[in-house]
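Keep in mind that the numbers below use all heavy atoms, side chains included, and drop hydrogens, waters and symmetry copies. Start at 1 with the first residue, then count along the sequence.
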Amino acid sequence: MELSLPFDTYLKRYRYKYLALYHALRAAIHSGALQEGTRLPATRKLAKLYGMSRGSAAQSYDMLLAEGYVVSRAGSGTYVADGVTMSDVPPLADCEPVLSDWGRSLLQQSGAYAANTMLPRQDTSPEMISFANARMKIEDFPYAEWRSALSYAGGSGGIELQDGAPPAGDMELRRAIAGHLRFTRGIPADPEHIVIFSGSMQGLVLLFQLLIDPKDTVVLENPAFQGIYRGVSLCGGIPLPSPVDEAGLIPGDWQARLLVVSPSRQYPTGAVLPLERRRSLLKWARQRNAFIIEDDYDSEFRWGGKPIEPLKMLDDGGRVIFVGSFSKTMFTGLRIGYALLPPSLTEAVVQAKALYEPISPGILEQRALARFITRGGYGKHLRRMTRLYGRRYEVLREAMESELSGLFRLEPSDAGLHVFAKWLRSTEDFASFQESARKRGVQFRDASLYYDSPGPPAACFGFSQLDELQIQEGVRRLAQAWADRV
């Protein structure tokens with residue numbers, strides 16, 4: 001391994017190469033980058049590395065030797081001396097970074113965002129039952145079929161791996177997504193108007209950058225995923241928290257040009273927006289010349305109720321942007337999201353994405369997913385998991401209504417990977433119950449953190465990662481946790 005020193009930096013300061021090398025080595029010894037006992041390169045090698053004569057390199061070593069920073073061992077080489085202190089080296093002054101308004105806002109918000117979105121620490125012991133993190137068990141995923149799709153996507157001998165994809169993403173995947181949306185959601189999707197992203201959040205933030213001017217008001221659901229609030233704020237917008245009831249977002253006559261809504265399954269409450277409210281939102285968008293971002297997060301697994309018409313299906317004016325993701329339906333590490341755009345926005349979004357990613361990343365996964373969808377594996381997987389999650393949901397609902405009916409009121413749900421439950425006691429009781437539950441070996445998500453400001457006590461219970469016995473045992477422990485504190 002070659003010795004790396006900030007030689008050019010010191011050369012600008014000291015002009016002569018032997019002095020620059022001396023000071024660079026001296027600073028590296030003081031800082032600990034070159035530790036006591038480290039063997040230094042031979043002068044011939046240093047001279048070649050930094051473009052100087054061997055005599056100049058030897059002169060630098062002689063100066064370090066005279067000052068006690070190094071020792072010379074006959075027939076062995078030059079080593080950093082023992083007991084070299086850092087007491088005579090002034091500490092480096094902290095430089096105040098000159099960040100943009102965006103950068104300063106990002107740093108200011110990062111602490112609060114982490115506090116409001118961080119899940120309880122996951123205890124990996126077998127005794128802990130966690131309802132906090134709703135994700136698929138990898139054992140439930142058809143990995144062998146996915147591996148086959150990956151092998152196909154790479155081509156014979158990996159020949160396809162050298163090919164890139166345009167910023168909008170692999171066309172085969174865009175066609176597959178369009179077909180999936182036409183068949184399962186009734187949306188007349190055109191693959192030319194689909195753009196692939198590294199997760200849906202990347203797509204949302206890029207859309208915010210394109211559609212929000214500084215100080216623009218953006219209508220957001222309250223409660224909602226707080227990452228969306230943060231994305232709007234960092235792009236210069238002003239979030240307008242708008243209330244949600246048991247039927248989803250309550251329409252209003254907002255003075256805004258952008259709305260973000262999750263009509264098929266409101267996050268986190270699970271409410272489904274009725275048809276009349278959907279039409280009201282579209283009417284508002286036409287009158288205000290506004291766009292609506294329809295976030296389809298967490299709605300693919302639907303085990304009850306009638307099929308839900310996406311807002312995009314009702315849109316005849318090019319006002320709705322439909323955003324989806326495969327991270328929940330496949331596995332968390334698959335960072336593939338997409339947006340189905342109105343024709344008027346497509347070119348602008350593609351050009352903006354090209355600034356970040358001239359070549360769409362993850363081409364192997366994109367092509368494998370296209371294969372997985374078109375060969376029917378994805379649809380089969382969704383149907384199987386929908387049946388499985390439907391059973392787990394029923395087990396959770398029945399257990400909670402039996403054991404915890406005096407503590408929580410579950411919001412009815414026909415889809416998704418978690419249940420939203422309102423707390424029926426005081427805020428103080430909720431805090432002590434959380435602590436008592438933790439001692440009993442159960443975790444759940446504090447849903448009050450999804451509100452723009454601290455909201456009423458509520459919880460989210462994820463069930464997709466637990467089997468039926470674990471769900472029943474977890475609820476039983478929660479009942480015991482309440483009994484422990486009263």
Side-chain angles (χ1 to χ4, degrees), residues 165-182 184-212 218-221 224-225 227-228 231-232 234-235 237 257-265 267 281-282 285 290-300 310-315 317-330 334-363 365-366 369-370 373 378:
D170 180 65
M171 179 51 79
E172 289 303 310
L173 177 57
R174 291 153 65 193
R175 290 193 186 103
I177 292 172
H180 175 73
L181 292 177
R182 286 194 296 266
T184 64
R185 311 306 293 277
I187 301 174
D190 183 342
E192 294 290 343
H193 299 142
I194 291 175
V195 175
I196 306 299
F197 296 99
S198 299
S200 58
M201 196 63 205
Q202 184 196 52
L204 288 170
V205 171
L206 189 143
L207 288 166
F208 295 157
Q209 291 176 320
L210 282 174
L211 298 175
I212 298 173
V218 180
V219 182
L220 302 178
E221 296 169 314
F225 174 53
I228 295 178
V232 167
L234 289 173
C235 292
R257 294 190 298 113
L258 183 62
L259 159 68
V260 184
V261 63
S262 50
S264 295
R265 175 172 162 78
Y267 191 87
L281 296 184
L282 290 171
F291 282 107
I292 299 174
I293 296 178
E294 178 177 9
D295 186 357
D296 197 52
Y297 180 85
D298 205 21
S299 65
E300 287 272 28
L311 201 60
K312 182 68 176 176
M313 183 178 173
L314 305 174
D315 176 31
R319 299 290 176 185
V320 177
I321 304 163
F322 185 89
V323 175
S325 171
F326 292 94
S327 297
K328 281 291 185 183
T329 56
M330 296 280 285
L334 185 70
R335 307 309 302 167
I336 295 182
Y338 64 91
L340 173 59
L341 300 156
S344 62
L345 271 181
T346 303
E347 182 61 24
V349 172
V350 171
Q351 291 300 322
K353 187 170 183 291
L355 290 174
Y356 295 98
E357 296 173 343
I359 299 175
S360 189
I363 186 61
E365 289 83 0
Q366 288 191 39
L369 182 55
I373 294 172
Y378 184 63

From [atom1] ([X]) to [atom2] ([Y]), nearest 0.5 Å:
X	Y	atom1	atom2	answer
Ile293	Leu211	CD1	CG	6.0 Å
Phe326	Ile336	CZ	CD1	7.5 Å
Ser200	Lys328	OG	NZ	10.5 Å
Ile177	Ile373	CD1	CD1	5.5 Å
Leu311	Ser262	CG	OG	11.0 Å
Asp296	Arg265	CG	CZ	11.5 Å

I want to check something: taking the side chain as every heavy atom from C-beta on, are [X] and [Y] in contact at a cut-off of under 4.5 Å?
X	Y	result
Met171	Glu192	yes
Val260	Glu221	no
Leu204	Tyr297	no
Ile292	Asp315	no
Tyr378	Thr184	no
Phe322	Leu181	yes

Which atom pair, heavy atoms only, marks the closest approach of [X] to [Y]?
X	Y	value
Cys235	Phe208	SG-CB, 3.7 Å
Met201	Gly227	CE-O, 3.2 Å
Pro310	Arg185	CD-O, 3.4 Å
Ala189	Arg182	O-NH1, 2.7 Å
Leu258	Ala290	N-CB, 4.2 Å
Val323	Ala339	CG2-CB, 4.2 Å

Do any N or O atoms from the side chain of [X] and from the backbone of [Y] form a donor-acceptor pair under 3.5 angstrom?
X	Y	answer
Glu172	Ala370	no
Arg174	Gly169	yes
Glu300	Thr329	no
Arg175	Pro191	no

Going by atom type alone, with no hydrogens or angles, which donor-acceptor pairs under 3.5 Å involve a side-chain atom of residues 340-359 and a protein atom two or more places apart or on another chain?
unit_1: Thr346; atom_1: OG1; unit_2: Pro342; atom_2: O; d: 3.1
unit_1: Glu347; atom_1: OE2; unit_2: Gln351; atom_2: NE2; d: 2.7
unit_1: Lys353; atom_1: NZ; unit_2: Pro167; atom_2: O; d: 2.7
unit_1: Lys353; atom_1: NZ; unit_2: Ile196; atom_2: O; d: 3.3
unit_1: Lys353; atom_1: NZ; unit_2: Glu357; atom_2: OE1; d: 2.9
unit_1: Tyr356; atom_1: OH; unit_2: Gln209; atom_2: OE1; d: 2.9
unit_1: Tyr356; atom_1: OH; unit_2: Gln209; atom_2: NE2; d: 3.0
unit_1: Glu357; atom_1: OE2; unit_2: Gln202; atom_2: NE2; d: 3.2

Partners passing salt bridge (charged side-chain N to carboxylate O under 4.0 Å, His left out) against Glu365 (at least two apart in sequence or in another chain) |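 Salt bridge (charged side-chain N to carboxylate O under 4.0 Å, His left out) check on Glu365 returns nothing, list empty.
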